[in-house]
S.K.: 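There's a structure below that I have some questions on.
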Amino acid sequence: MDYDVVVAGGSVAGLLCAREIAARDHSVLVIEEDYEIGTPEHCGGLVSTSAMDDLGIIPMRATLDNKIRSARIVSPSGKDFTFDARPQQVIVLDRREFDKQIAHQAKVNGAEIRVRTSLREITKDGVRTSDGDIKCKIIVDARGVSPLINKDRTGALQSAQYEVYADWIDKERVEVYLDQKKYPGFFAWIIPTRHDEAKVGVAGRGINTATALEDFLKQKGKHSTVRKIFAPIWVKGPIKEFANGNTVIVGDAAGQAKPTTAGGIYSSGVGGIFAGKAISGFLESGKESRLQEYQKEWSDKFGKEFGQMLLARSLLERLDNKSIDDLFESITPDVLSEISKDGSFDFHTTSVAKLLGVKGSVKALQAILGNELRRFLG
Ligand SMILES: Cc1cc2nc3c(=O)[nH]c(=O)nc-3n(C[C@H](O)[C@H](O)[C@H](O)COP(=O)(O)OP(=O)(O)OC[C@H]3O[C@@H](n4cnc5c(N)ncnc54)[C@H](O)[C@@H]3O)c2cc1C
C-alpha cells in the first residue's frame with residue numbers, strides 16, 4: 001500500500017480532512033489538479049470568526065482581507081434595509097492564502113501534497129491519476145461541485161464573480177440585491193475586500209451571468225475589473241450517501257454548501273474534519289461503521305438547518321418582485337435589531353423566518369406560499 005488515504009482535491013474540505021488523518025499518524029496524500037493550492041480562487045471568502053474557531057484556524061495577516069460591520073439588502077425596486085453585522089463577527093478571507101494556510105497545517109501534521117496531479121479513476125485498490133496509479137485503503141473525493149453536477153444538473157446555478165476596483169464600494173458593508181427577473185432564485189452581491197476593492201457577483205437560474213453582472217456593474221457606476229471568474233454553485237443540499245465502499249465524499253462534492261447562499265467554507269470544511277476523524281477511526285478499528293458515523297455527525301450538526309434552508313429557498317424562489325417589494329415595506333427597525341442581535345451568519349434561517357414573518361406581510365405571503373410558509377415559520 002502506498003498510502004492509507006488519497007484525497008482528491010486540495011481545497012478547504014480535502015485539506016482539512018488530510019490534516020485530521022495525518023494528525024492521527026496515518027499516511028495521506030492530497031492530489032490537486034491545479035498548478036497551485038488556492039488558485040484559481042473562486043470564492044467570496046465571507047465567513048464568521050466562530051466558524052474559523054470550529055475549523056481550528058486562526059487567520060494569519062495574509063489570510064484576512066477585511067472585517068464586515070453591516071449588511072445592506074436591496075429590493076427589486078431599490079427599497080433597502082441595513083442591519084448591524086458586528087455581533088455576527090463576519091470576516092472576508094483571501095482564499096488563496098487561506099487554502100495555503102490549511103495546506104501548511106496538513107503538512108505539519110505529516111500529510112503530503114502534490115499539485116498538478118488529477119484523479120482520473122477510482123480503482124479496486126486505489127486511484128488512477130495523471131501521475132500514475134497509487135494504491136491506498138481509502139479514497140476521499142473532495143473535488144468540489146463538478147462531479148456532483150455531472151450526475152445532477154438540477155441543483156446547480158451558474159455564477160460570475162469579478163474582482164473590481166471602484167469608489168462606490170463601502171469597505172465595511174456587504175450588499176445583496178434581490179431581483180427575481182435579473183437573478184432568478186439567487187441575487188447579486190458585493191463583498192468588499194479592501195478600500196475601494198470588492199468581489200462583485202451574480203448567480204441565477206438560466207441566466208447569462210456575464211451579461212447580468214456587466215449590467216449590474218454598469219448601473220453601479222465607474223469601475224475597473226481586474227479579474228473574472230465563472231463557476232457553478234450547488235444549492236440542492238447534501239447528497240444521500242457520504243461514504244460508499246472505499247470512497248468517502250466531502251465538502252461541495254457531497255453537497256455540503258448552504259442551499260440559501262451556496263457558502264461552504266464552514267459546512268464543507270466541517271465535513272472534511274468529521275470525515276478525517278471517521279476515516280482515522282476506521283483505519284484504527286477496521287470497522288466500516290466508523291465511516292458511516294461521519295454522515296451522522298455532519299447531519300446532527302447541519303441537517304436541520306439545511307432542511308430549513310431548502311424550505312426557505314423554495315419559498316423565496318416563488319416570490320415575485322412585487323411580493324419582495326411589499327415584504328420590504330413591512331420590515332421594522334425592531335425586526336432589524338432582533339436579527340442583528342440574535343441572528344447567526346452560519347445558521348441564518350431564524351433570521352429569514354423573522355423577515356418573512358413580519359407583521360402585515362404574513363397574510364399576503366400566505367396567499368402565495370400557503371402551508372409551506374406556515375411550516376417554515378414553525
Ligand atoms: C463565486 C463563488 C463565491 C463563493 N463565495 C463564498 C463565500 O463568500 N463564503 C463561503 O463560505 N463560500 C463561498 N463559496 C463556496 C465555497 O467556495 C465552497 O463551498 C468551498 O470552496 C468548498 O470547498 P471544497 O473543498 O469542498 O471544494 P472546492 O473549493 O471547490 O475545491 C475542489 C478542489 O478539487 C480540485 N479538483 C477538481 N477535480 C479534481 C481532480 N480530478 N483531481 C484532483 N483535484 C481536483 C479543484 O481544483 C479544487 O481545488 C463561493 C463559491 C463561488 C463559486
Side-chain angles (χ1 to χ4, degrees), residues 6-18 29-48 51-52 55 65-66 68 90-96 98-100 102-103 113-122 127-131 139-150 156-163 174 176 186 188-193 198-203 209 213 227-235 249-273 275 345-346:
V6 170
V7 178
S11 181
V12 60
L15 290 166
L16 285 169
C17 184
L29 171 71
V30 179
I31 55 170
E32 166 55 50
E33 79 175 355
D34 275 311
Y35 285 74
E36 188 181 344
I37 296 292
T39 49
E41 192 238 35
H42 55 90
C43 185
L46 215 52
V47 71
S48 68
M52 295 293 278
L55 297 178
D65 266 349
N66 198 7
I68 299 302
V90 180
I91 55 174
V92 184
L93 297 172
D94 180 326
R95 276 298 302 269
R96 300 174 188 96
F98 176 68
D99 287 16
K100 286 204 180 74
I102 314 175
I113 299 166
R114 262 184 231 167
V115 293
R116 225 195 149 191
T117 307
S118 62
L119 173 74
R120 295 262 164 86
E121 195 186 333
I122 294 174
V127 286
R128 182 148 301 140
T129 79
S130 53
D131 230 9
I139 298 111
V140 176
D141 181 355
R143 289 176 295 163
V145 288
S146 307
L148 197 49
I149 292 172
N150 286 342
L157 300 181
Q158 203 43 243
S159 79
Q161 183 175 266
Y162 296 178
E163 288 180 24
V174 164
V176 168
F186 216 76
W189 65 89
I190 301 174
I191 300 174
T193 45
K199 290 176 179 170
V200 183
V202 302
T209 51
L213 186 48
R227 183 165 183 261
K228 294 183 176 186
I229 57 120
F230 301 91
I233 51 176
W234 181 259
V235 292
I249 309 173
V250 299
D252 277 16
Q256 291 169 351
K258 293 178 200 165
T260 41
T261 62
I265 297 173
Y266 178 44
S267 42
S268 284
V270 169
I273 292 177
F345 179 75
D346 301 304

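First listed ligand is number 1; within each ligand, the first listed atom is number 1.
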S.K.: Counting only heavy atoms, tell me which of Leu46, Ile229, Ile37 gets closest to atom 9 (N) of ligand 1.
M.R.: Leu46
S.K.: Indicate, as side chain, backbone, both or neither, the part of Arg143 found under 4.0 angstrom from ligand 1 when only non-hydrogen atoms are considered.
M.R.: both
S.K.: Below 4.0 Å, non-hydrogen atoms only: which portion of Arg95 touches ligand 1? Side chain, backbone, both or neither.
M.R.: side chain
S.K.: Mind checking ring-ring contact (aromatic ring centres under 6.0 Å, His included) for Tyr266 and listing every partner two or more places apart, or none if nothing turns up?
M.R.: Phe302
S.K.: Asp65: which residues meet the salt bridge (charged side-chain N to carboxylate O under 4.0 Å, His left out) condition with it, sequence neighbours left out?
M.R.: Arg194
S.K.: Of the choices Ile233, Asp252, Val47, which has the non-hydrogen atom that lies closest to atom 19 (O) of ligand 1?
M.R.: Asp252
S.K.: Counting heavy atoms only, name the option from Gly251, Ala8, Ser118, Gly9 that's nearest to atom 34 (O) of ligand 1.
M.R.: Gly9
S.K.: Heavy-atom distances under 4.0 Å are what count here, so tell me which part of Thr117 touches ligand 1: side chain, backbone, both or neither.
M.R.: backbone
S.K.: What is the closest protein heavy atom to atom 12 (N) of ligand 1, and at what distance does it sit?
M.R.: Gly264 N, 3.0 Å
S.K.: Checking a contact table here: which protein heavy atom is nearest atom 29 (O) of ligand 1, and how many Å away?
M.R.: Ser11 OG, 2.6 Å
S.K.: Without swapping roles, check the side chain of Thr209 against the backbone of Ala203 for a donor-acceptor pair under 3.5 Å.
M.R.: no
S.K.: Polar contacts were defined as any N/O atom of the residue lying under 3.5 Å from an N/O atom of the ligand; does this apply to Ile265 and ligand 1?
M.R.: yes
S.K.: Got an N/O contact under 3.5 Å between Asp34 and ligand 1?
M.R.: yes
S.K.: What is the nearest protein non-hydrogen atom to atom 1 (C) of ligand 1, stated with its residue, atom name and distance?
M.R.: Ser159 OG, 3.6 Å
S.K.: If we set the cut-off at 4.0 Å for heavy atoms, which region of Ala262 has an atom near ligand 1: side chain, backbone, both, or neither?
M.R.: backbone
S.K.: Between Asn66 (side chain) and Ile68 (backbone), is there a donor-acceptor pair under 3.5 Å?
M.R.: no
S.K.: Side chain, backbone, both or neither: which applies to Cys43 and ligand 1 if a contact is any heavy-atom pair less than 4.0 Å apart?
M.R.: both
S.K.: Using modelled atom types only, decide if a donor and an acceptor are shared between the side chain of Lys228 and the backbone of Ala160 within a distance under 3.5 Å.
M.R.: no
S.K.: Taking Ser118 for its side chain and Ser130 for its backbone only, find out whether a donor-acceptor pair lies under 3.5 Å.
M.R.: no
S.K.: Can you sort out which atoms of ligand 1 are near Leu119, meaning under 4.0 Å from one of its heavy atoms?
M.R.: 40 (C), 41 (N), 42 (N), 43 (C)
S.K.: Can you tell me if Arg227 has over 12 outside heavy atoms packed within less than 6.0 Å of its CZ?
M.R.: yes
S.K.: Out of Glu121, Glu33, His42, who gets a non-hydrogen atom closest to atom 43 (C) of ligand 1?
M.R.: Glu33
S.K.: Would you mind listing which atoms of ligand 1 come within a distance below 4.0 Å of any non-hydrogen atom of Ala231?
M.R.: 53 (C)
S.K.: Just by distance, do the side chain of Gln256 and the backbone of Gly264 share a donor-acceptor pair under 3.5 Å?
M.R.: no
S.K.: If you compare all heavy atoms of Val92 against all heavy atoms of Pro192, which two are closest, and at what distance to 0.1 Å?
M.R.: CG2-O, 3.5 Å
S.K.: Using a strict cut-off of 4.0 Å, indicate which atoms of ligand 1 neighbour a heavy atom of Gly263.
M.R.: 10 (C), 11 (O), 12 (N), 13 (C)
S.K.: Give me the nearest non-hydrogen protein atom to atom 25 (O) of ligand 1 as residue plus atom name, then the distance to 0.1 Å.
M.R.: Ala13 N, 3.0 Å
S.K.: Go through ligand 1 atom by atom and flag the ones less than 4.0 Å from a non-hydrogen atom of Ile31.
M.R.: 43 (C), 44 (N)
S.K.: Is the backbone of Cys43 close enough, under 3.5 Å, to the side chain of Lys199 for a donor and an acceptor to pair up by distance?
M.R.: yes
S.K.: When you look for heavy atoms under 4.0 Å from ligand 1, do you find them on the side chain of Ala142, its backbone, both, or neither?
M.R.: backbone
S.K.: Specify the protein heavy atom at minimum distance from atom 5 (N) of ligand 1: its residue, its atom name, and the distance to 0.1 Å.
M.R.: Gly44 N, 2.7 Å
S.K.: Evaluate Glu32 for polar contact with ligand 1, using N/O atom pairs at a separation under 3.5 Å.
M.R.: yes
S.K.: For the pair Ile102 and Leu55, evaluate side chain to side chain contact (heavy atoms under 4.5 Å, CB included) and give the outcome as yes or no after the intermediate values.
M.R.: CA-CA 10 Å; Ile102 314 175; Leu55 297 178; over 6 Å; no
